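Predicted model, so just to flag it, every value in this text is computed and none were measured. Numbers for residues simply follow the sequence, beginning at 1.
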Amino acid sequence: MTNSLPSAVPERRPTIALLVAVSAVNPLALNIYLPSMPTLVDIFDTTAGMVQLTLSLYLAAVAIAQIGIGPLSDRHGRRPVLMWGLGIFIIGSVVCVMADTIETMLIGRVLQAAGGCAGIVLGRAIVRDLFDRSQAASMIGYVTMGLAVAPMIGPAIGGALDENFGWGTSSYLMVVLGIIVFVWAWFELHETNHNRAPGGGGLRGLVRSYGVLARSPLFLSYALTSAFTSAVFFSFLGGAPFIAAKLMNMTPSTYGLYFMLVAAGYIVGNWTSGRFSARIGIGRMINGGNIILTLAVIAIAAAFGMGHLHPLSLFGPMFIVGVGNGMSLPNAIAGAVSVRPDLAGAASGFTGSMQIGAGAITSALVGWLLTGVLWPGTIWPLVLVMAVSCCVAVAAGVAARLLETAE
């Protein structure tokens, strides 16, 4: 694989490295603070529930912002919307640097999320601008394989910075990285959306675009598959830091190192998508990935049910969850943005909003259950939410394939 996208249209195209970079700032900012979450309770003199909002509100802001980003890029182009998003991300990171209360920190996190998610939405839309449906699945797989490096190294970097220099160093790092990506995109990214949707701007255009997509059972099946496949992973994000600290006495840096197993699995799954999606077909890849997810969650339940309270009892199966996610997600996203190619930006935003919205709900639900509502002091609230998410993902994936066959 080279560092530039294969020739599909006779124009200057962004490199894979740039698409990875603009897509990576958001998940990196999400994950870099995870090892510090338990310690932020004392730093800000607040509760675990308020600290949990640094994750849940981040995910909610990503879900909401994506609703507008996609249609705006269909109307005004990918480049200007992306540059505004990266600018807002930098401002949010500066607010996090200056935060001396949990409320200020939450404001910064919301700005980081809303701005940074432009890269996620538009990275997918740019790929769809340049490639047909079968190629798009493979290219999204390759791009997200590189993108997986961000969540892989995020907790490891965050944990090391926390223990050696203080948790706030992570915010300084995000400011610097945000500026670097902004400058890089400014000079290299050229407009790829040459078929602007005339009705894509304004509230009326937004409602029209999403109305068309919401009336498509095939699009909704792909979008739900993406949402609940992601929910398995985001459930883990919501509960794992506290389970690791309370049940396994893991330090932030140790948690970050074990977390690399999850992202490594995601890289393997995305490589599989990039290599085989065009040959095997997106339906088989989606359903195969979802089956792997389900088996991994069963393995977590079995290990803890037999009393194995070792980090590998959790992070070993989560490697397999990463593989399943990497196989299913790129194909579900490619299917969703290909139902209506003229609305690729809106479809990417709608899919991403459902994906992150489901993640925000499930991560918050796990955190709430772990506070003592159900099976306090155990892993079972996490396992329950992950298992339900698996069931919905499998059902939606099967429905998508049946609808695709029928058409």
Side-chain angles (χ1 to χ4, degrees), residues 1-9 11-32 58 62 65-66 69-70 72-73 76-97 108 111-131 136 139-154 156-158 161 169-194 263 267 270 274 330 344-345 348-349 352:
M1 183 178 66
T2 63
N3 191 46
S4 61
L5 299 175
S7 296
V9 291
E11 62 178 85
R12 185 175 176 183
R13 291 169 297 279
T15 61
I16 287 179
L18 176 60
L19 294 182
V20 170
V22 299
S23 302
V25 292
N26 189 280
L28 180 59
L30 169 67
N31 286 282
I32 199 168
Y58 190 100
V62 171
Q66 288 186 88
I69 288 172
L72 282 174
S73 74
H76 301 290
R78 315 299 186 208
R79 176 183 161 84
V81 176
L82 177 62
M83 300 314 300
W84 273 101
L86 291 174
I88 294 171
F89 174 85
I90 294 169
I91 293 172
S93 299
V94 172
V95 173
C96 290
V97 167
L111 290 173
Q112 276 185 328
C117 74
I120 299 176
V121 176
L122 300 183
R124 299 165 179 171
I126 288 169
V127 169
R128 188 59 186 91
D129 289 340
L130 299 173
F131 298 95
M139 291 310 304
I140 290 174
Y142 281 131
V143 169
T144 52
M145 180 175 64
L147 172 59
V149 173
M152 178 177 71
I153 66 176
I157 293 174
L161 291 176
T169 315
S170 297
S171 297
Y172 283 101
L173 178 61
M174 296 317 304
V175 173
V176 173
L177 292 180
I179 293 173
I180 291 173
V181 174
F182 181 93
V183 173
W184 187 2
W186 180 270
F187 286 104
E188 182 175 322
L189 181 64
H190 298 268
E191 185 56 56
T192 62
N193 180 16
H194 303 298
I267 290 175
N270 275 282
S348 179

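Cys117 approaches Ile69 most closely through the heavy-atom pair SG-CD1, 3.5 Å. Minimum heavy-atom separation, Ala113 to Tyr58: CB-O, 3.2 Å. Listed here is the closest heavy atom pair of Asn26 and Gly116: ND2-C, 3.3 Å. Shortest non-hydrogen contact noted between Val175 and Val94 is CG2-N, 3.7 Å. For the residue pair Leu86 and Ala185, the shortest heavy atom distance occurs at CD1-CB, 4.2 Å.
Sorted by first then second residue, the side chain to side chain donor-acceptor pair (under 3.5 Å) pairs that include residues 175-185, not counting sequence neighbours, are Trp184-Glu188.
The backbone N or O of Arg79 sits less than 3.5 Å from a side-chain atom of Glu191, completing a donor-acceptor pair. Remark: the backbone N or O of Ile120 is not paired with any side-chain donor or acceptor of Ser23 at under 3.5 angstrom.
The closest side-chain heavy-atom distance from Leu122 to Val22 is not below 4.5 Å. In this structure, Ile126 and Leu189 have side chains that are in contact, with non-hydrogen atoms separated by less than 4.5 Å. Side-chain contact check for Cys96 versus Gln112: some heavy-atom pair is nearer than 4.5 Å.
Ser170 contributes atom OG, which lies 11.5 Å from atom CG of Asn31 (distance to the nearest 0.5 angstrom). To the nearest 0.5 Å, atoms OG1 (Thr169) and CD1 (Ile32) are separated by 9.5 Å. Atom CD1 of Ile180 is separated from atom CD1 of Ile90 by 10.0 Å, given to the nearest 0.5 angstrom.
Surrounding CZ of Phe182 are more than 12 heavy atoms belonging to other residues, nucleotides or ligands, all under 6.0 Å away.
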